[in-house]
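Read the structure below first, then the notes.
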There are 2 protein chains.
Amino acid sequence: MLNTIIAKNLKQFRRSRQWSLAKAAAMTKVSKAMLGQIERQESSPTIATLWKIAKGFHLPLSVLIEPCALRSDSLATASHEQTICLDSDLQFRVLFSFDPLLCCEMFSHQLQPDRTHLSKAHELGVIEDIIVISGELEILVDESWQLLSAGDTLRFSADKNHGYRNIGKKEVIFHNIIHYPKIVTCH
Amino acid sequence: MLNTIIAKNLKQFRRSRQWSLAKAAAMTKVSKAMLGQIERQESSPTIATLWKIAKGFHLPLSVLIEPCALRSDSLATASHEQTICLDSDLQFRVLFSFDPLLCCEMFSHQLQPDRTHLSKAHELGVIEDIIVISGELEILVDESWQLLSAGDTLRFSADKNHGYRNIGKKEVIFHNIIHYPKIVTCH
DNA sequence: AATTATTGTGCGCTATAACGCACAATGATA
DNA sequence: TATCATTGTGCGTTATAGCGCACAATAATT
């Protein structure tokens, strides 16, 4: 049930900040009686109330209505596994899988010499970061190729076709971060 | 206003399917009077009602509360400069400076052997990512040290004291991303 | 023109979200 | 022990979400 998810999330966020109901009420401008009822699943809050709560907690609204994934406010998640996936022309592995709170994911790529990989446009508003770890990499963005060496970075809008190619002599390793547009900024 | 977004989205989805209010009411089990009020922004729906609407339209709930259009600036920014800054015990340079849209920044750090760097708690809700590029790194989080080797990653809540230390024999290079909580304003 | 659907909106009613306040339970201090 | 502060919950009231139904406006039939 949706109310269960909201209740758990709210309680978890409040507890992790060590806020009392009174403190949370002051931050969100929602009465502590109502906050208590929501946490006890005795009330199905209005979207306007949820909005005030999210705003008071400085959180995107969506994390309140999503099942508590890896969000856990205080836990650290480490990944040592080198889960390497093979593609036709490049190898990659997941550094950080998609997180609904941060709305981003991160990969490590390995592209062999004389290899090119083209990527279709992502969803509107997606921004991509490239960090070259070693080797030389060329990025196709806005119809032109840009050369990046080890240590170089590039940030571009990924909602149009783009590509990666390695015209060097040794393999290139680079990381990339995909930032998906965050939910709701209303004005 | 959030109600404006919901109203536009609902109306758009209904119109695109050429559903009447009666049809939409039948699909969602929400009275057509209420659907009409929501579209006219005369009512701030309950999260339970929004859920029924999303289900009836076979849509994820989040798309109802997302602004329909997200613009994309088509500029790519590259940084080649190696602006290295010196600190007492570790060197770092900026990979991506803080961006108000993404609310994150990224650094590359270089920590010499037998060096320890302690960091105070960041702002509430800040999440930090660590990606070890080379060498071995120990992270102090939740009162305990965790060992990371090249290729390992760690994500943790940075709103409490934490630290980095290098107990290996060669220098360690690691990247870190600071995710600041997205602050939303509404009126 | 008159009739018949089909559209969306207005009205009254009920259920409940949301409020402020008071209280009880727990812990902390003297 | 008594006193004070802080926790969360229960109660009575008000505001409003949500319902069914009826009506008005439009268009499409006869």
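A, B, ... follow the sequence lines: proteins, then strands. Residue 1 opens every chain. Below, all heavy atoms of this structure are taken into account, side chains as well, without hydrogens, waters or symmetry copies.
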**Q.** Candidate nucleotides dG18(D), dT9(C), dT7(D), ranked by approach to the side chain of Ser20(A) - the nearest
**A.** dT7(D)
Q. Are Thr49(A) and dA17(C) close enough that a side-chain N or O sits under 4.0 Å from OP1 or OP2?
A. no
Q. Pro45(A) side chain: which of dA18(C), dG18(D), dT9(C) is closest?
A. dA18(C)
(Q) Please verify the inter-ring angle class for His175(B) with His175(A); under 30° counts as parallel, over 60° as perpendicular, anything in between as tilted. (A) perpendicular
Q. According to a strict under-4.0 Å criterion, is Thr46(A) in side-chain N/O contact with OP1 or OP2 of dA17(C)?
A. no
Q: Quick one: closest heavy-atom pair of Ser134(B) and Ala150(B), and the distance?
A: CA-CB, 3.9 Å
Q: Report the nucleotide, chosen from dG8(C), dA17(C), dG18(D), that has the shortest atom-to-atom distance to any side-chain atom of Leu21(B).
A: dG8(C)
Q.
Once you apply a heavy-atom cut-off of 4.0 Å, does Lys52(B) come out as touching a base, just sugar-phosphate, or nothing?
A. sugar-phosphate
Q) When we call it a touch if two heavy atoms are under 4.0 Å apart, what does Ser31(B) touch: a base, just sugar-phosphate, or nothing? A) base
Q | Nearest-nucleotide 5' precedence on DNA chain C, Ala33(A) against Lys23(B) | A | Lys23(B)
Q.
With nearest nucleotide decided by heavy atoms, which residue, Lys32(B) or Glu42(A), maps closer to the 5′ end of DNA chain C?
A. Lys32(B)
Q) Rounded to whole angstroms, how far apart are CG on Leu35(A) and C1' on dG8(D)? A) 12 Å
Q | Ser44(A), nearest nucleotide to its side chain (from dG18(D), dA17(C), dA18(C)) | A | dA17(C)
Q: Report yes if at least one side-chain N or O of Arg40(B) is closer than 4.0 Å to OP1 or OP2 of dG10(C); otherwise report no.
A: yes
Q: For the residue pair Asn176(A) and Glu128(A), confirm or rule out a side-chain donor-acceptor distance under 3.5 Å.
A: yes
